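Reminder, nothing fancy here: chain letters follow the sequence lines and each chain counts from 1. The analysis underlying the following values was restricted to heavy atoms, covering all of them including side chains, and did not include hydrogens, waters or symmetry mates. Please read all numbers here as calculations on a predicted model, not as lab measurements.
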Protein chains: 2
Amino acid sequence: MLRLERTEINEASPTPLYRQLAEAIRTRIRLGDIKTGDALPSERELSDAARISRVTVRRAIETLLDEGLLSRKHGSGTYVAPRIEQQAGLLSGFSSDMGNRGLRPGSVWIERGAGNPTPEEAMTLGLGIDEFVLRFARVRTADGEPLAIERAVVPARFLESPDAVGTSLYAALEAQGHRPVRGLQRIQAGLATQEEARLLSVVPHAAVLRIERRSFLADGSPIEFTRSAYRGDRYDFVTEVREPRTPDTSR
Amino acid sequence: MLRLERTEINEASPTPLYRQLAEAIRTRIRLGDIKTGDALPSERELSDAARISRVTVRRAIETLLDEGLLSRKHGSGTYVAPRIEQQAGLLSGFSSDMGNRGLRPGSVWIERGAGNPTPEEAMTLGLGIDEFVLRFARVRTADGEPLAIERAVVPARFLESPDAVGTSLYAALEAQGHRPVRGLQRIQAGLATQEEARLLSVVPHAAVLRIERRSFLADGSPIEFTRSAYRGDRYDFVTEVREPRTPDTSR
DNA sequence: CACTTCAACTGGTATTGTCGACCTCGTGAC
DNA sequence: GTCACGAGGTCGACAATACCAGTTGAAGTG
């Protein structure tokens with residue numbers, strides 16, 4: 001059985017109690033202290049053992065519910081959910097996506113500069129056509145093999161200069177304090193054009209996966225518009241979907 | 001400004017207060033009472049006006065945060081987030097997906113029956129190869145035009161008979177009390193095989209979007225394994241991704 | 001022996017009270 | 001006029017308590 005002692009929680013830490021508790025439970029699960037299907041101690045027990053109020057315990061459990069680590073059953077208990085493989089970092093960039101897949105990411109620059117947006121870009125980024133944008137186009141490689149062509153557009157005000165972007169666009173944006181929190185992705189199947197075929201080292205008309213992504217800051221302003229073409233024979237896109245935690249049955 | 005009166009909330013209703021409140025605010029936003037970018041009344045104000053405790057008000061706001069309708073700024077206020085187009089019902093079936101796109105869904109049966117799982121199916125559904133599964137294969141149409149081929153496999157114990165499935169597999173499962181809460185989807189680009197081309201009325205080697213989906217119940221047991229091939233020229237797959245509500249910066 | 005009942009669990013909702021961190025904007029000093 | 005500063009407002013975190021609502025299994029009943 002899981003034993004949780006107050007000792008594990010640091011009262012003075014700036015990290016909120018519910019996060020510390022969540023992390024403690026997360027660790028227990030990762031270490032196999034409590035296994036898939038096992039019941040967690042009841043909320044009241046946890047509350048007593050860690051000397052944390054039940055409300056706070058519930059908050060910790062809720063974050064783990066969101067992560068899919070636990071499942072609750074009213075009247076019965078809280079259980080460790082079976083591990084489902086980690087989803088690829090969706091809002092993360094190419095680099096960490098490749099990292100998750102155990103591939104070595106690389107890239108070759110095609111274009112890096114500033115300019116005015118096309119009408120389509122102006123529309124999706126909410127800009128006037130006379131405002132400035134930065135463009136980044138790269139061939140992305142995995143273990144040295146070309147895997148995708150990626151063309152990103154960012155409103156110029158979010159970055160000091162095009163050269164601020166090293167390997168990761170997201171890292172550069174975050175360094176300036178701009179962190180996208182939402183994204184909208186559109187995925188299509190298509191055939192490689194002549195140019196794409198050349199850049200990706202495939203035959204023309206090979207299958208490609210086209211991914212279009214728009215990212216937004218917390219206040220809703222668009223920060224990035226990226227269009228990519230992935231080799232269909234080497235890449236698949238994995239998403240995990242979850243139903244809302246508390247389905248609204250009243251409507 | 002938004003005025004919320006206690007009158008809107010029904011004390012005696014079986015629906016929890018926080019959901020009633022969330023619904024009330026949701027309605028206000030939909031009706032344009034409060035517009036994009038506007039600040040919501042402060043939590044204390046809402047609490048006073050509706051005579052609901054602040055904790056409960058926060059819960060209501062949190063559900064709207066999850067839905068992407070609101071965004072909070074510590075020390076400043078809670079604001080109405082810009083409307084981002086509705087995501088397609090991800091865990092929903094073909095029918096409601098088409099509904100969202102304003103297309104009339106239809107289908108033509110190819111196969112409907114019972115049998116033993118293939119090794120691959122046994123693996124992904126967590127079954128023994130001697131247990132039974134039900135198979136459903138259909139050509140899915142939108143406004144009468146073929147759009148996708150869909151092949152679903154469900155462990156037999158979840159449905160009384162193959163005939164329980166009318167137009168919607170999900171509806172049939174839910175009628176038996178089985179509601180999938182999580183799904184894992186894998187999306188690939190490919191070229192249509194001879195048979196696919198025939199069923200979809202496209203030329204061989206046309207681009208197709210292959211989607212593989214596994215769904216799970218709350219307790220983690222796999223309930224469905226579906227493989228689909230969508231016409232690349234007529235379908236795109238849209239997903240919305242969100243960063244976790246409270247990013248853990250401590251790790 | 002099968003069946004029903006019910007008490008003692010479990011999680012679900014809601015209140016009141018307190019303190020802290022953060023943001024904004026007006027006031028006053030320079 | 002510009003700038004630093006602080007007061008007051010906002011969200012963030014937590015405690016202690018109360019009661020409601022499903023679940024479960026053991027005791028009692030037929």
Distance in angstrom units between B:R19 CZ and C:dA14 C1', rounded:
15 Å

A:R58 side chain N/O closer than 4.0 Å to the phosphate oxygens (OP1, OP2) of C:dG11?
no

Grab the NZ-C1' distance between A:K73 and C:dC9 for me, whole Å please.
16 Å

B:L169 versus B:F136: any side-chain heavy-atom pair under 4.5 Å?
yes

Any Lys/Arg nitrogen of A:E212 or A:R227 sitting under 4.0 Å from an Asp/Glu carboxylate oxygen of the other?
no

Just compare D:dG12, C:dG11, D:dC14 and give me whichever is closest to any side-chain atom of B:E43.
D:dG12

Where the side chain of B:V55 is concerned, which of C:dG17, D:dC11, C:dG12 is the nearest nucleotide?
C:dG17

Is any NZ, NE, NH1 or NH2 atom of the basic residue among A:R26 and A:E23 found under 4.0 Å from an Asp or Glu carboxylate oxygen of the other?
yes

Distance in angstrom units between B:R51 CZ and C:dA14 P, rounded:
16 Å

Rounding to an integer number of Å, can you tell me how far B:R59 CZ sits from C:dG12 P?
9 Å

Has A:S53 got a side-chain N or O lying under 4.0 Å from the OP1 or OP2 atom of D:dC14?
no

Any N or O donor-acceptor pair linking the side chain of B:R54 to the base of D:dG12 at under 3.5 Å?
yes

Any donor-acceptor N or O pair under 3.5 Å, side chains A:Y170, A:E224
yes

Without decimals, in angstroms, what is the distance between B:I61 CD1 and D:dA13 C1'?
15 Å

Which is more 5' along DNA chain D, the nucleotide nearest A:R44 or the one nearest A:V57? Just name the residue.
A:V57

Between the base of D:dC11 and the side chain of B:H74, is one N or O donor paired with an acceptor at under 3.5 angstrom?
yes

Under 3.5 Å donor-acceptor, A:R135 side chain and A:N116 backbone:
yes

Can you tell me if B:T56 touches the phosphate of C:dT15, counting only side-chain N or O atoms and a distance under 4.0 Å to OP1 or OP2?
yes

Measure from CD on B:E62 to P on C:dT13 and round the result to the nearest Å.
13 Å

Does a nitrogen or oxygen in the side chain of A:Y18 sit under 4.0 Å from OP1 or OP2 of D:dC14?
no

Can you tell me if A:R72 touches the phosphate of C:dT10, counting only side-chain N or O atoms and a distance under 4.0 Å to OP1 or OP2?
no

Is the distance from OP1 or OP2 of D:dT10 to the nearest side-chain N or O of B:T78 less than 4.0 Å?
no

N/O (side chain, B:S42) to phosphate O (OP1/OP2, D:dT10) under 4.0 Å:
yes

Rounded to whole Å, the CG-C1' distance (B:D38 to D:dT10) equals 17 Å

Euclidean distance, atom CG of residue B:L17 to atom P of C:dG12 [Å, nearest integer]:
17 Å

